[in-house]
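Down below is the structure, laid out as structure tokens.
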Amino acid sequence: MNRSRRHLLTCATGTAAALALPMMARAQGAPLKFGVGMFQPDREKNDATYRPLAQHLSQRLGRPVELRTVDSWEGLAKSLANGETDIALMGPWGYVLANHFANAQVVSTILYQGKPEYFAMIVTHPDSGLNSIQDLTGPKGKGRSFAFGDKGSTSGYLIPRHFFMQQGIDPEKHFGRVVYTKHQAIQTQVTAGQIDAGADYNRNRTAMIDQGLIRADRSKIIWESSPLPNDAVAVNEALFKDKAFVRRLRAALVEVGPLLKAQATLLPANYTGFVDTDNTFYKPIRDAGLATGTLAAR
């Protein structure tokens with residue numbers, strides 16, 4: 001069992017009693033703790049970006065909503081598992097971890113340009129000499145540097161790791177240097193030629209290009225995954241048992257799409273609302289976790 005799995009399992013097991021508290025222990029007016037992953041380059045910008053959504057949820061749910069940015073996907077999964085977070089907007093792999101170890105449940109999936117799915121990718125820079133994924137996985141790629149996202153990331157870690165495994169490649173042995181960092185840093189360092197290649201996802205790359213943070217001609221896509229489910233809005237196990245609350249939360253999220261015409265700041269650019277989903281939608285992520293041995297069958 002790797003360290004991240006062991007840590008999350010410990011959190012989930014050690015706090016089972018807290019997660020199982022009856023709903024009466026949560027007063028009707030008690031603040032809801034809304035955890036959001038680090039989707040923006042820094043905490044201050046991330047908080048500012050998702051504060052309108054938190055305020056919308058507070059108004060519709062009739063309860064204070066406390067927004068909290070969590071630096072890593074893995075950390076957000078742990079906070080949902082151990083009761084520090086009630087509701088989370090989190091990456092797919094982080095959700096699967098929280099579901100697997102602490103029975104957190106998805107209620108909705110965010111839409112990007114009207115779609116509930118996205119793609120993982122591997123990028124390099126035009127001067128790397130790596131013109132295809134075969135170059136990266138073959139002799140040309142051996143000894144190069146490669147950047148993954150943090151180990152709670154779907155597109156930055158799980159899916160590319162699964163891909164390498166399917167090619168019979170151990171990244172720690174094939175590459176000369178492997179680093180684990182944030183998605184924005186991956187694109188920045190790859191386009192600057194500081195790292196030969198790295199894992200990312202289409203939404204982040206597009207956003208960084210649109211914001212002028214990287215140049216499109218310096219970020220070369222050499223591999224793209226099959227479609228993956230978008231980020232999840234999930235609640236912890238105890239809160240999910242309150243079916244009336246879950247219905248109100250889903251209704252508040254579905255309402256966001258139509259409201260964007262008049263309240264464009266409710267979501268970042270290109271995000272167009274939410275759609276009701278359940279745990280089965282995240283099966284491709286779960287399957288990849290099981291295939292890589294990151295999740296144990298239960």
Side-chain angles (χ1 to χ4, degrees), residues 8 11-37 39 47 49-70 73 75-92 94-111 116 229-260 263 265-267 271-282 285-286:
L8 184 55
C11 289
T13 303
T15 61
L19 289 173
L21 283 174
M23 289 308 299
M24 63 178 292
R26 296 176 179 270
Q28 183 64 28
L32 290 164
K33 294 165 287 185
F34 181 30
V36 178
F39 294 97
D47 283 348
T49 298
Y50 291 97
R51 193 168 293 117
L53 178 61
Q55 292 169 345
H56 166 77
L57 292 178
S58 177
Q59 291 168 0
R60 295 303 186 264
L61 298 173
R63 294 173 62 174
V65 173
E66 296 178 353
L67 179 67
R68 174 174 176 256
T69 289
V70 181
W73 301 119
L76 186 54
K78 290 174 183 176
S79 75
L80 195 62
N82 65 26
E84 293 177 0
T85 296
D86 297 308
I87 306 169
L89 176 58
M90 62 199 312
Y95 164 67
V96 169
L97 287 171
N99 170 259
H100 189 82
F101 291 113
N103 206 30
Q105 295 293 323
V106 63
V107 297
S108 187
T109 296
I110 200 165
L111 298 173
N230 273 349
D231 303 314
V233 177
V235 298
N236 64 37
E237 182 181 18
L239 201 55
F240 189 72
K241 292 176 181 177
D242 186 342
K243 300 306 179 186
F245 173 83
V246 170
R247 285 194 297 271
R248 293 197 305 272
L249 175 58
R250 280 181 163 147
L253 290 167
V254 168
E255 188 183 18
V256 168
L259 286 174
L260 284 170
Q263 302 177 47
T265 60
L266 277 175
L267 289 177
Y271 287 92
T272 51
F274 295 89
V275 62
D276 292 353
T277 50
D278 59 28
N279 200 38
T280 59
F281 189 54
Y282 290 83
I285 310 300
R286 189 174 298 104

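Closest approach of Pro229 and Phe281 over heavy atoms only: CB-CE2, 3.4 Å. The shortest heavy-atom contact between Gly94 and Ala77 is O-CB, 3.3 Å. Here the shortest heavy-atom pairing between Pro92 and Asn230 reads CG-O, 3.7 Å. Tyr50 and Leu67 make their closest contact through C-CD2, 3.8 Å (heavy atoms, listed as atom of the first residue, atom of the second, distance). The two residues Val65 and Ala54 have their closest heavy-atom pair at CB-O, 3.7 Å. Taking all atoms of both residues into account, the shortest heavy-atom contact from Val246 to Leu239 is CG2-O, 4.1 Å.
The CG atom of Leu57 sits 12.0 Å away from the CZ atom of Arg248 when rounded to the nearest 0.5 Å. Note: Leu80 CG to Thr85 OG1 = 6.0 Å, rounded to the nearest 0.5 Å. In this structure, CD1 on Ile87 lies 5.0 Å from CG on Leu32, to the nearest 0.5 angstrom. Atom OG in Ser79 sits 9.5 Å away from atom NZ in Lys33 (nearest 0.5 Å). From Leu76, atom CG reaches atom CG of Leu89 across 8.0 Å, with rounding to the nearest 0.5 Å.
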Let's go through Thr69 and Asp47 carefully: what are the C-alpha distance in whole Å and the side-chain angles of both, what is the deciding distance for side-chain hydrogen bond (donor to acceptor under 3.5 Å, both in side chains) to 0.1 Å, and is it a yes or a no?
CA-CA 6 Å; Thr69 289; Asp47 283 348; 2.5 Å; yes
Leu61 and Leu249: CA distance, side-chain angles, deciding distance, side chain to side chain contact (heavy atoms under 4.5 Å, CB included) verdict:
CA-CA 7 Å; Leu61 298 173; Leu249 175 58; 4.2 Å; yes
For Tyr95 and Asp231, run side-chain hydrogen bond (donor to acceptor under 3.5 Å, both in side chains): C-alpha distance rounded to whole Å, both residues' side-chain angles, the deciding distance at 0.1 Å, then the answer.
CA-CA 8 Å; Tyr95 164 67; Asp231 303 314; over 6 Å; no
May I have the step-by-step check of side-chain hydrogen bond (donor to acceptor under 3.5 Å, both in side chains) for Tyr282 and Thr109, ending in yes or no?
CA-CA 10 Å; Tyr282 290 83; Thr109 296; 2.8 Å; yes
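The closest donor-acceptor contact from the side chain of Arg63 to the backbone of Ala30 lies under 3.5 Å. The main-chain N or O of Asp242 is never found under 3.5 Å from a side-chain atom of Arg247 such that the two would form a donor-acceptor pair. Checked by atom type and distance alone, the side chain of Ser58 never pairs as donor or acceptor with a backbone atom of Gln55 at under 3.5 Å. Checked by atom type and distance alone, the side chain of Arg250 pairs as donor or acceptor with a backbone atom of Val107 at under 3.5 Å. With Ser108 contributing its side chain and Val275 its backbone, the two residues share a donor-acceptor pair below 3.5 Å. Of the possible polar contacts, none joining the Asn99 side chain to the Gln105 backbone as a donor-acceptor pair under 3.5 Å is found.
For the pair Asp86/Val235, no side-chain contact is recorded, criterion being any heavy-atom separation below 4.5 Å from C-beta on. In this structure the side chain of Leu53 reaches within 4.5 angstrom of the side chain of Leu267, judged on heavy atoms. Side-chain contact between Met90 and Val70: absent, with no pair of heavy atoms (C-beta onward) separated by less than 4.5 Å. Side-chain contact between Phe274 and Val254: absent, with no pair of heavy atoms (C-beta onward) separated by less than 4.5 Å. Taking 4.5 Å as the limit, every side-chain heavy atom of His56 sits out of range of all side-chain heavy atoms of Gln263.
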